[in-house]
2 protein chains.
Amino acid sequence: MTVSITDVARVAGVSASTVSRALRGRPGVSDEVRAQIAAVAGQLGYTASRSASSLASGRTFTIGVVAPHIGRWFFGTVLDAAETVFSAAGYDVLLYNLGSPEARKRFFTRLPVRKRVDAVLSLLIPDLEEEEALRSLGVPLATTVGGARDGFTVVGIDDHAGATSAVRHLVNLGHRRIGMISGESEPLHWTTPIARRQGYLDVLAEAGITHDPALEADGGYTVEGGERAMTELLAVSRPPTAVFAQSDEMAMGALRALRRHRLRAPDDVSVIGFDDHELAEVVGLTTIAQPVPAQGAEAARLLLRQLDEPVAEPAPTGHVRMPIRLVLRETTAPPSPRSPL
Amino acid sequence: MTVSITDVARVAGVSASTVSRALRGRPGVSDEVRAQIAAVAGQLGYTASRSASSLASGRTFTIGVVAPHIGRWFFGTVLDAAETVFSAAGYDVLLYNLGSPEARKRFFTRLPVRKRVDAVLSLLIPDLEEEEALRSLGVPLATTVGGARDGFTVVGIDDHAGATSAVRHLVNLGHRRIGMISGESEPLHWTTPIARRQGYLDVLAEAGITHDPALEADGGYTVEGGERAMTELLAVSRPPTAVFAQSDEMAMGALRALRRHRLRAPDDVSVIGFDDHELAEVVGLTTIAQPVPAQGAEAARLLLRQLDEPVAEPAPTGHVRMPIRLVLRETTAPPSPRSPL
DNA sequence: CTGTTAGCGCATTCAG
DNA sequence: CTGAATGCGCTAACAG
């Protein structure tokens, strides 16, 4: 039924090896024969079986991408960009969506990518054990989140610096009661919330503002969570006059909460987000912008480069820092003296 | 280096065939031996090579998912849900992001999924030729967009009905000059824009409103496009008092355009979207809601069911219609008599 | 430049 | 219940 390399060889009147060489552009085939083989292959609708060729060659021409919640804007966008780079280079991508703890556990215990991929791009931060599991794969590794880690090429931003700019902006506007909407680092062992929180704490300290734990609320990095968190912050005895949300999605949830309370940003409460979500501009959200598609594309490129290299040394894992910048829009302003808060 | 089935066999003191049977839960192995083999395999960290097993068995335990722009909310969300179902069932997913015409062409001419997947879920609408190419794969097919098509299981919504509700809502509010922001069906050969447009035209006709082509603008299904389109609509000699955007993302772009023109929805122009994007509520957008994750999950389930079936008959391809509903929020209202338009 | 010979690691007959 | 062959389709030496 399905046409194999020997079919092509027979019709073209050559051997299977010649067909293999010809179709993969390897040297050692006369142009004439090569053209003829290409013609026959096209006519027969031949495509090499990936299973067979990877079994024989050891290469899979497939990249594994591990991500938490591809439905979220940040990860979806990174994945989109990375996939584009990979497929343009002739690689397929195997996607593992590890949103739930169960999915994550299943993945790391069974490690389905073993022997199936030439490299892995992780959009989530592995814990120590998971990190080791990935390294045991023996393939190039990259990630777009978290800090430097052994054996990984990391392309990311300086979360601490981003949070610092955000909070300092609020301080510069004159705010003293500054709340934060964050997300738990568990169960995903995520370091981003930790780094961003540290930035928040550091700026408060440098501004001589005593930290009030009541002004921190968990928004779980979702819109709904952000709304709940803002609602909580509005309910404390002395609510904040400004809020730093660790992601734009939570910031937008916060804006929704404000609207529900008949309050407005920045008149009643200033809000600053993080990411520069594609819809941030629609709602006029001031935020810390980071180049999201660029991170995915760059990580993909670095991974491919390692694959192309003559399989030398202990892999030239690098650490690329992408630029971030404060994007001023309409949800931050000096605290209003007539603020009802 | 890498441990193979024969290594396990040797250590366990049995043959490779027994290991194969034992590990895959096939009958014909005593519980005792099976347990011992499992222990050895675990200890050695053995995982069967997918390439080898699929070469030998013909099954790949992999599903191909073809999508345009995974970065877009709708597709990312569908993919997320589908992947969750697939991986829970032990299948891996190979992702093909066909956002650009080149990527799309490359995919359909080379058909990299051939012999690599057990089924394909397409989130884009193939044209006739592409449809045929997919059918030639000889595997179960499903899609979450477009109408019924031969050989495909389709899980979707009634786009025409959705558009009809949206526009009828505007008519019921008293609007007569109703614009539409749509997207081209090319180059993705997408039927959604066509069906939604037809709903628009039909309602206008039933309401006795003559269709004015000047009130239609292309928003390319993106936020920026929606903004441009709204800007165009505001520039016609008699601008619309209400606009139906074929997607929430375009609707949000339209809202941004209004803000830039110091206009407001619904005071100056009513806006209704389509999808019920996760951020639609944040901006108070009235829209037509459709169950997005449910579509991905259901399509995945139906595909798996076909795979489980004893490979009988011409595949029980079905057509599931998901419910849609009008979600009233704050961007639509009767036309204002004091409207500056 | 091209054909021949061996596997790659596993699933499947078919015997026992 | 288990083991010994055989082949999946291809690539990689090795000869010519």
Side-chain angles (χ1 to χ4, degrees), chain A residues 1-38 40-41 44-62 90 111-118 138 311, chain B residues 1-38 40-41 44-62 110-118 138 311:
Chain A
M1 179 60 221
T2 162
V3 25
S4 81
I5 198 171
T6 55
D7 297 322
V8 178
R10 187 162 22 75
V11 175
V14 296
S15 74
S17 352
T18 303
V19 173
S20 174
R21 281 187 285 252
L23 261 23
R24 288 180 306 141
R26 311 306 300 263
V29 182
S30 71
D31 291 348
E32 191 182 8
V33 172
R34 191 185 296 274
Q36 206 244 331
I37 289 175
V40 172
L44 264 46
Y46 169 73
T47 312
S49 154
R50 270 313 227 286
S51 308
S53 63
S54 61
L55 181 57
S57 70
R59 292 201 59 174
T60 64
F61 283 98
T62 301
L111 227 46
V113 288
R114 189 180 302 177
K115 304 175 191 167
R116 279 208 82 175
V117 300
D118 292 341
V311 193
Chain B
M1 178 62 220
T2 161
V3 26
S4 82
I5 197 171
T6 55
D7 297 321
V8 178
R10 186 161 25 73
V11 175
V14 296
S15 73
S17 350
T18 302
V19 173
S20 175
R21 280 188 286 252
L23 260 24
R24 287 179 307 135
R26 310 308 300 261
V29 182
S30 70
D31 291 349
E32 191 184 9
V33 173
R34 190 186 298 273
Q36 207 245 331
I37 290 176
V40 172
L44 263 48
Y46 169 73
T47 313
S49 154
R50 272 308 228 285
S51 308
S53 63
S54 62
L55 180 57
S57 71
R59 291 202 62 175
T60 65
F61 283 97
T62 301
R110 313 206 20 193
L111 227 45
V113 287
R114 188 179 304 177
K115 305 174 192 167
R116 276 209 85 174
V117 300
D118 291 341
V311 193

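Worth saying up front: this structure is predicted, and the values here are computed from it rather than measured. Numbered from 1 within each chain, the chains take letters A, B, ... in sequence-line order.
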**Reported CZ-to-OG distance for the pair R26(B) and S17(B), which is rounded to 0.5 angstrom** =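 Output value for this atom pair is 13.0 Å.
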
Interatomic distance where [atom1] belongs to [X] and [atom2] belongs to [N] [whole Å]:
X: I37(B); N: dA11(C); atom1: CD1; atom2: P; answer: 12 Å
X: R59(A); N: dC10(D); atom1: CZ; atom2: C1'; answer: 16 Å
X: L55(A); N: dC8(C); atom1: CG; atom2: P; answer: 9 Å
X: L23(A); N: dT11(D); atom1: CG; atom2: P; answer: 9 Å
X: K115(A); N: dC10(C); atom1: NZ; atom2: C1'; answer: 10 Å
X: F61(B); N: dA11(C); atom1: CZ; atom2: C1'; answer: 12 Å
X: R114(B); N: dC10(D); atom1: CZ; atom2: P; answer: 11 Å

Pairs: protein N or O with nucleotides 13-16 of chain C N or O, under 3.5 Å:
none

**Message:** Treating R50(B) as the side-chain partner and P112(A) as the backbone partner, does any N or O pair qualify as donor plus acceptor under 3.5 Å?
**Reply:**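 Such a contact is absent between R50(B) side chain and P112(A) backbone.
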
[N] phosphate, OP1 or OP2: any side-chain N/O from [X] under 4.0 angstrom?
X: S15(B); N: dG3(D); answer: yes
X: S30(B); N: dT2(D); answer: yes
X: T18(B); N: dT2(D); answer: no
X: R24(B); N: dT12(C); answer: yes

**Request:** Check whether any side-chain heavy atom of V14(A) lies under 4.5 Å from a side-chain heavy atom of R21(A), and answer yes or no.
**Result:**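 They are not in side-chain contact.
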
By nearest atom, which of the nucleotides [options] is closest to the [X] side chain?
X: I5(B); options: dA11(C), dA12(D), dG9(D); result: dA11(C)
X: S20(B); options: dA11(C), dC10(D), dT2(D); result: dA11(C)
X: R26(B); options: dG3(C), dC8(C), dT12(C); result: dT12(C)

Closest non-hydrogen atom pair, [X] against [Y]:
X: A41(A); Y: L23(A); result: CB-CD2, 4.1 Å
X: T47(A); Y: L111(B); result: CG2-O, 4.4 Å
X: A22(A); Y: I37(A); result: CB-CD1, 3.7 Å

**Check: S57(B)/R24(B) side-chain N/O donor and acceptor closer than 3.5 Å** =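 Judged by distance alone, the side chains do not pair up.
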
**Request:** Would you mind telling me which residue lines up with the more 5' stretch of DNA chain D, S57(A) or A16(B), judged by nearest nucleotide?
**Result:**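 First, find each residue's nearest nucleotide; the 5'-ward one identifies A16(B).
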
**Request:** Identify, between A56(B) and R34(B), the residue whose nearest nucleotide on DNA chain D lies closer to the 5' end.
**Result:**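 The residue closer to the strand's 5' end, by nearest nucleotide, is R34(B).
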
